[in-house]
Every structure is written in structure tokens, then in C-alpha cells.
4 protein chains.
Amino acid sequence: MAKPNVISKNELIRSAKKCLVKNGIEKFTLRAVAETAGVTQGTVYYHFRTKEQLLLDIVKDICGSSWDELSKSDGNIIKQAIETAKSRCSHDSFFHKLFLTLVVSGFHNDKIREQLEGIILQENKALAENLLKIWPSSPIKGISLDTWAIILNAVVDGIALQALLSKNFPVEKTYAELEKLFIALSGLQEVENK
Amino acid sequence: MAKPNVISKNELIRSAKKCLVKNGIEKFTLRAVAETAGVTQGTVYYHFRTKEQLLLDIVKDICGSSWDELSKSDGNIIKQAIETAKSRCSHDSFFHKLFLTLVVSGFHNDKIREQLEGIILQENKALAENLLKIWPSSPIKGISLDTWAIILNAVVDGIALQALLSKNFPVEKTYAELEKLFIALSGLQEVENK
Amino acid sequence: MAKPNVISKNELIRSAKKCLVKNGIEKFTLRAVAETAGVTQGTVYYHFRTKEQLLLDIVKDICGSSWDELSKSDGNIIKQAIETAKSRCSHDSFFHKLFLTLVVSGFHNDKIREQLEGIILQENKALAENLLKIWPSSPIKGISLDTWAIILNAVVDGIALQALLSKNFPVEKTYAELEKLFIALSGLQEVENK
Amino acid sequence: MAKPNVISKNELIRSAKKCLVKNGIEKFTLRAVAETAGVTQGTVYYHFRTKEQLLLDIVKDICGSSWDELSKSDGNIIKQAIETAKSRCSHDSFFHKLFLTLVVSGFHNDKIREQLEGIILQENKALAENLLKIWPSSPIKGISLDTWAIILNAVVDGIALQALLSKNFPVEKTYAELEKLFIALSGLQEVENK
DNA sequence: GATGAATGAGCTTTCATTCAT
DNA sequence: CATGAATGAAAGCTCATTCAT
């Protein structure tokens, strides 16, 4: 009955992520993961010794893809960032649902929390570096580029949160005006630099 | 054996909130609520017909207090808002943990989601109204006051999220510089108004 | 569906002892206990929070009965003791199977081991006290009554072990000759006392 | 990937015995055996077609060594026997733990029980033969040498059992006095023989 | 009103066993 | 020979829910 090598760890993680977003962490059962992946429960357990480990592997997987995405960035980082951010906050954004679910899970699991903290720190750092390319100095005196990065990241997450809660959230409008804000800030800088 | 009225619904809700933050939604059990409140499972069940109902009552309770707080606001709304926001985002802020936990719970429970949506909408509205008091018009052309409210709220939630994930998050510094940003924006407006 | 008060803890322990002897510790499952008692697994768990606790309660129950039996002893203690011992070592003696099963279980569970240690100590003590009644002094110089008690107890357990292993073990013959040994020892004492 | 003959059946049995004593029969798993031996589960399975077979092979292994030991005996058999017996009953005697574990296992597995019965019978027989060397006739009338053998064996097992249960069991004292008992009995015989 | 014994479905986890490689 | 991925049945355990008292 044992069919060797029918499934890979990555396929299982993909199935698990689907389940997590579909059923929520409250009903995130290994049985569901197994069914989604088309294997038995025993198989899931063979690959991840515990449920917690599977959850952690999901988080690590996300960290990995997050890192990949960041390292690809170039050129007009901001425009691109806004584009990405916007894509993440459609009303049922897979990514942000997964992310927030894991964040909440991290409140009671330090291993998970630390991994997520790593993502945030990386994102903030990448953002600060990219800001440096377009803002030789901060557009407003007294606000460091690091803080700008924190704030921008916070805005993106906060908007995503609102969008996930509210079916009628004006994603387009908000991001359009957010871009104006950004342009205005960039303009300020030129003024100051004179 | 039955003791009349030994516990009120509100006490149970308070215990339930404690449990929710302490154990997370994954381990939020009625037995834990009962033990925390010092009653039996049956008693919890007597007051809330189902577990979902208890969760919903927690959400409503939060909505209520949120509303109370908003209606008290006056005078220098911004400074006060920042103060409130800051207090909510210490590394283990009870409020934001509870809020985010419920948000995630709301992903798969429309009743909860709608209640939380209501909170957000109210907060945004209250914020917009208060902004009007200090900003007769938007400091940056093309950005409506409603959008400003959305953005400000998003920043607060997003920063709280980062603070909850990161033990070393620079809460003080971030909020100090955020205030500068706000002052600068207010300054902009005066310029434009001339 | 919930029928209150259909079973008592003692009934459950009785069923559990039956299961333990019938299936052995390897297959001692709470499901089997529940079935034997005619209740659901949940009920077993309601009364004993874990499997280990149930096992421990069985041990305590045995300690209790052991103690009761000891305190009833009087008159010709030895004859009676031999009778009891003999009854315990028929080829499938419930008592000794249970006892040895728990002893082995105690090898990896200190709580169980300590309880059983208590039984042995009590038995040895009771035996020593009763020996004193019939042997004012030890029949053989250099052997304390405490040691006699240990040895006698050991003989009884050791014979039971052999009887449990061997279907053809000569219980009657062995105990008959053991009694002769005892009488001979008592005779020795009188000689020495002169 | 297959490495030829990296492990022998005997090594596996040795590992299995370790596991059995370390974890007890309740947690005696093939995975643990495999890990202890440093091979995979499949390998254990390759050598012993079932778990039961492995257990049986352990029992046979013990029978073998038991037999070896008996056949080596000579000279002052009693003194040596007591020495051996004493060595087996330190508080965590590997041998007696293993033996008792298997005895209990034998309660529900006739193949195991029969093997162990064989050991006991052999031991009793060897003991009777050796007693004959030093006791031309029984020191007490009416007690056959066979019964003496049974009783002596029983004492040894019974004492070991008490020692395994009780950390403070007076092994030295008990065996010293047991030897005195033996010497006294031998003295009796000489008297009778006159 | 309040209790707590009982339920039963479903959870995570374990494990002997199989089998293609 | 040996492996190790996969299985599936069954284990221990949890929990929302019910109900007689």
C-alpha cells in the first residue's frame, strides 16, 4: 500500500497554505492538509513531525519568497512597491490573510514571531535603502529614513487590514492619493535642498 | 446547589478577553473561560448559547468601548490620538492583540467581520471630522480628508503590528517623528492657504 | 444526549482493572475501558484527566484493598497468610497479574512505583508484627524478624510468578511443603529457647 | 544506497533489549529500536518480520544466556548462586527489569510465556541438581529437593522484585542473612543424618 | 439560574507494516 | 541487503454542546 515518493515537502506546504487561508487557523487541521494534498494524515506527519513544525515551515517558506521578491527590486522602487502593495490588498488577498493569520499565531509562538520579525526588519531595511536612492535626504527634517521605512510599511499593512475587513474599501482611490502624497513629499525635498 | 446570579455576563466577557489574549484563538476554549471566571462550563453556556456568540459578544464589547473613547475626544485631537495610539502599541498591548486576533477570526466569520468593519468605519469617520477642525482643507491637493483618515488609521495599526512582532521596536522614536510629520503637514497647509 | 450520573469512578476503576488483566498493559486502552464500562471515552476522560491518572488510581485502589485485608488479620496469621497467598497464585490469578503488570509499569513511572513500594513495605511490616506473635524470637540466630518478613513475602511473590508462567505448576504441593518448612522453623525456635 | 551487512541481528537484539528496559513495553516501538541501533525502521523490519518476532527473539536470547550461565556452574554452587542473584537485584538491575517485563508480556502471549516457562523449569532443575551435591538428602523431612529449588528460585525473584520497587531495599543485609539461613539448613541436615 | 456529568465528533499523534527503489 | 516514503488503523485527548437535577 505504501507508494514511495508520491509527494514533496513543498507540495505539502503549498496545500497547507491553501488550507490555512481557506479555513483559518482555528480550523487548520492536518487532516484537511492531507486531503488537500491527496495523501494520508500519516504522510503529513512523516514530513513534519508536529503540527507546529508545519506551521513554522509555512512561515519560513513565506520568509523565503519575501526575500526573493525584495532582492529582485530595482529601478523605480516606489511605484513598484505601491503596485505590489495594492495587489496584496484586494478584499481577499491570499498573502495578507496568511500573513496576518501567522502574525496572530506568532503572539503565542515565539519561533513563529521571530521569523516574522525577521521579515519585517528585512522589509524595512530594503525600503530604507531604496528610499535613499530617490531621497538623498529626508524630505522632512527630524524624520530619519529608517522611520520613513517603518511608516510606509505600516501604511501598507494597515491599509491591507482595512481592505480585508471592508468589502467596499476604496483601494484604487486610496492608493492613488497615497501616490500623490508621495510625490508631494518628494517635491518638498527638492525645495529643502535648494 | 444553584447560586443565584453569582456572575454577570460582563465578568464572563472580561474573563473571555483575558483568555483570548493569553491563549490565542487556537486555544480559546470555554473551559478556560469558565476556569478563569471561576465558574463551570455549564454556566458559560448558560449565558452565551454558543461559543461563536461569546466571541461575537466580545467583539461587540470592544466596539462599545471604542465608541465610548471616540465620543470623549475634544480639543487637540491629534496629540491625544497619538497618545492613545502609542499606548496601544507596547510590545504586548492587550488591545491590539485582541483586535488583530479578532480580525483574523473575522476572515472566516462574517458577523465578526462586519462588526469590526463598523469599528474601522467609525474610527475613520471620527478621525476625518476631527481633522476638519484643525485642517480647514487638506494640506496636500488631491488628497481628501477621508483618505487622510484612512492613512492615519492605517499607520497606527501598522505600527502596532510591527511593535507586537518586534520586542525592540522603537515605539517612542517612531511616534516622536510621526508627530513631526504631522506638524510639517499642518505647516504645509498654512502655506497653501495663503 | 448527556445522561448525568450514570457511572461512578469506582465502577470505572473496576472496569479498568478488568481490561488491564485481560489485555495487558500493552493494549490497555481507554477505549476498551469505556466499552467495558458501557460509557463513552469522553466519560472516562471526564473522571480521569489522563491515562496515567487512571493507572495511578488503579494502583491506589489496590493499595487500599491491600491495607484493608491486612488490618483484618488476626489469630493464626501464618496459616491464613498461606491460604491467601495460595489463592493468589492459581495459574491466572487476577491479583498477581495485576500486581506484576503494575510493577513493570512502575519501572517507568515513579508515582506508580512509590505507591507499590508502599504496599510492599506495609506488607512486610504487618508480616513482621505477626511473626512476633508466634515467634518470640527468631528461629535462626542472626536473622532478624524484618528479614524473615522480606523473605516470606519474596517467596510468595516468587511462587506466584512461577505459577503464572507455568500451567502445570504444583501449587498445592509447593504450599503444603512450604507449610512444613514453616512448622519446622517454629520447632527450631523452641529448641533454641530451651 | 544499500549498504551490505552493516548490522547484525544480534546488534539489533541488543539495541532492542536496551529500548525495552529504557522505555518499558508500553513504549517499545520499532522506531526506537531502529534509532538506538542507528538504522532505519525498514531495516529492523527486514530482520524480524514482525514486532512480535523481535520480542520473541529477545526472549530466546535471554534463554540462551541463562542456559550458558547455568552450564558453567560448579564447585560451591550456592555461594555462587547467591552472588549471582545479588548482582541481579541492584535497584535498577537490567536483567530483572527485562525479565519481569517479558513475564508480564507473556501473560498475553503464549509463545513468550512458554519460552520463559522453559527458563524457569531449567533453572529449577539445575538448582535441584546442585542442591543434591551439597544436600545428600533434604534438611527437612517432607520437603523434596525439587520444592527446595522452587522455593529458592522464588526467593531470588521475589527479593529482586522488592529491590526494584524500593530504592532503599537492604540488598546486602537480606542476602547476608539469607546465607545464614542456608548454612543453618545445611547444619540441620547433618544433625538429621546422624 | 447554575451545575457538572456525560456525550460524540473530531483533533493531533503514533506506529506496525508495506513496498518501490 | 537496506532504505525510507507512505499508509491506515487506532491511540490519547479535547471540546462544544446537552440535559437532568
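Labels below follow one simple rule: chain letters A, B, ... track the order of the sequence lines, proteins then strands, and each chain is numbered from 1. Worth saying up front: this structure is predicted, and the values here are computed from it rather than measured.
Between L30(B) atom CG and dA2(E) atom C1' there is a gap of 16 Å when expressed in whole angstrom units. Straight-line distance from the CG atom of L55(A) to the P atom of dT13(E): 11 Å, rounded to whole Å. In this structure, K27(A) atom NZ and dT12(E) atom C1' are separated by 18 Å, rounded to whole Å. If you take CD of Q41(C) and P of dA6(E), they are 15 Å apart, rounded to a whole angstrom. The CZ atom of R31(A) sits 12 Å away from the P atom of dA9(E) (whole-angstrom rounding). Taking atom CZ of residue F28(C) and atom P of nucleotide dG12(F), one finds them 9 Å apart after rounding to whole Å. The separation between K9(D) atom NZ and dA2(F) atom P is 12 Å, rounded to whole Å.
Nucleotide dG4(F) forms a Watson-Crick or G-U wobble pair with dC19(E), both donor-acceptor distances falling under 3.5 Å. A 3.5 Å limit on both hydrogen-bonding distances identifies dT14(F) as the Watson-Crick or G-U partner of dA9(E).
Contact annotation: Y45(A) side-chain N/O to dT13(E) OP1/OP2 distance is under 4.0 Å. Phosphate proximity of dA6(E) to H47(C): present, with a side-chain N or O under 4.0 Å from OP1 or OP2.
Relative to the side chain of T43(C), the nucleotides dA6(E), dT13(E), dA6(F) differ in distance, and dA6(E) lies closest. Taking the side chain of T29(B) as heavy atoms from C-beta on, and the options dA16(F), dT17(E), dG4(E), the nearest nucleotide is dA16(F).
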